[in-house]
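Working notes, beginning with the structure itself.
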Amino acid sequence: QVHLVESGGGLVQAGGSLRLSCAASGRTFSTYTMAWFRQAPGKEREFVAAISWSGGRTVYTDSGKGRFTISRDNAENTVYLQMNSLKPEDTAVYYCAGRRGSSLYDTVPQYDYWGQGTQVTVSS
């Protein structure tokens, strides 16, 4: 069992940056694939980025490539999402998710554990 708590969201102007953090409980965090998803009002939850248990493999949605960076610190049981050059369309609730196994899936049903989310608002 893994419990996930996100932090780092807030209000930022377009072009600004934020770093989201996801703190995980549980001794098996280092064996989990981790990901970030987001959900804007009236829209379905969508994939943002995922990272393998070792941090050696990452995958991003096209809209995040070159702007977002996912990373993890297994010693601290934490996964991060560095977001640069933020746009108003990045406004959403951002969720941390985890799954057993090594595949970097980009769909909601593939993830077993979810945090409560953190709000990111980008003003124009």
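One is the number of the first residue; the rest follow in order along the sequence. The structure presented is a predicted model; accordingly, all values stated were derived computationally and were not measured.
Between atom OG of residue Ser7 and atom CZ of residue Arg19 there is a gap of 9.0 Å, rounded to the nearest 0.5 Å. How far OG of Ser30 is from CZ of Arg72: 7.5 Å, rounded to the nearest 0.5 Å. One distance of note links OG1 of Thr61 with CG of Asp106; it measures 8.0 Å at 0.5 Å rounding.
Looking at heavy atoms from C-beta onward, Glu46 lies in side-chain contact with Arg38 at the 4.5 angstrom threshold. Looking at heavy atoms from C-beta onward, Thr33 lies out of side-chain contact with Arg100 at the 4.5 angstrom threshold. By the 4.5 Å heavy-atom criterion applied to side chains, Tyr94 and Met83 are counted as neighbours. The shortest distance between side-chain heavy atoms of Ile70 and Tyr80 does not fall below 4.5 Å. The shortest distance between side-chain heavy atoms of Asp90 and Arg67 falls below 4.5 Å. A heavy-atom distance below 4.5 Å is not found between the side chains of Leu86 and Asn84. Side-chain atoms of Phe68 and Leu81, non-hydrogen and from C-beta on, do get closer than 4.5 Å to each other.
At least one donor-acceptor pair under 3.5 Å links the side chain of Thr78 to the backbone N or O of Glu76. The backbone N or O of Pro88 lies less than 3.5 Å from no partner atom in the side chain of Ser124, so there is not a single donor-acceptor pair. Of the possible polar contacts, one joining the Asn77 side chain to the Gly26 backbone as a donor-acceptor pair under 3.5 Å is found. At distances below 3.5 Å, at least one donor-acceptor pair connects side-chain atoms of Ser52 with backbone N or O atoms of Arg57. Within the 3.5 Å criterion, the main-chain N or O of Val122 finds a donor-acceptor partner in the side chain of Thr91. Arg99 contributes a side-chain N or O that, together with a main-chain N or O of Gln110, makes up a donor-acceptor pair within less than 3.5 Å.
Within the structure, disulfide (SG to SG under 2.5 Å) contacts touching residues 44-124 (residues at least two apart or in different chains) are Cys22-Cys96.
Of all heavy-atom pairs spanning Ala24 and Phe29, the tightest one is CB-CD1, 3.3 Å. Between Gln82 and Ser17 the shortest heavy-atom distance is NE2-CB, 3.9 Å.
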Item to complete: Step by step, work out the side-chain contact (heavy atoms from CB on, under 4.5 Å) result for Tyr60 and Thr69.
Response: CA-CA 8 Å; Tyr60 297 90; Thr69 302; 3.8 Å; yes
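In this structure, the ring pair (Phe, Tyr, Trp, His ring centres under 6.0 Å) partners of Tyr32, at least two apart in sequence or on a different chain, are Tyr113.
By the rule that hydrophobic residues join a cluster once side-chain heavy atoms approach within less than 4.5 Å of another member, Val79 and Trp53 end up as members of separate clusters.
Clustering of Ile, Leu, Val, Met, Phe, Trp and Tyr by side-chain heavy atoms under 4.5 Å joins Leu104 with Phe37, Phe47, Val59, Val93, Tyr95, Tyr105, Val108, Tyr111, Trp114.
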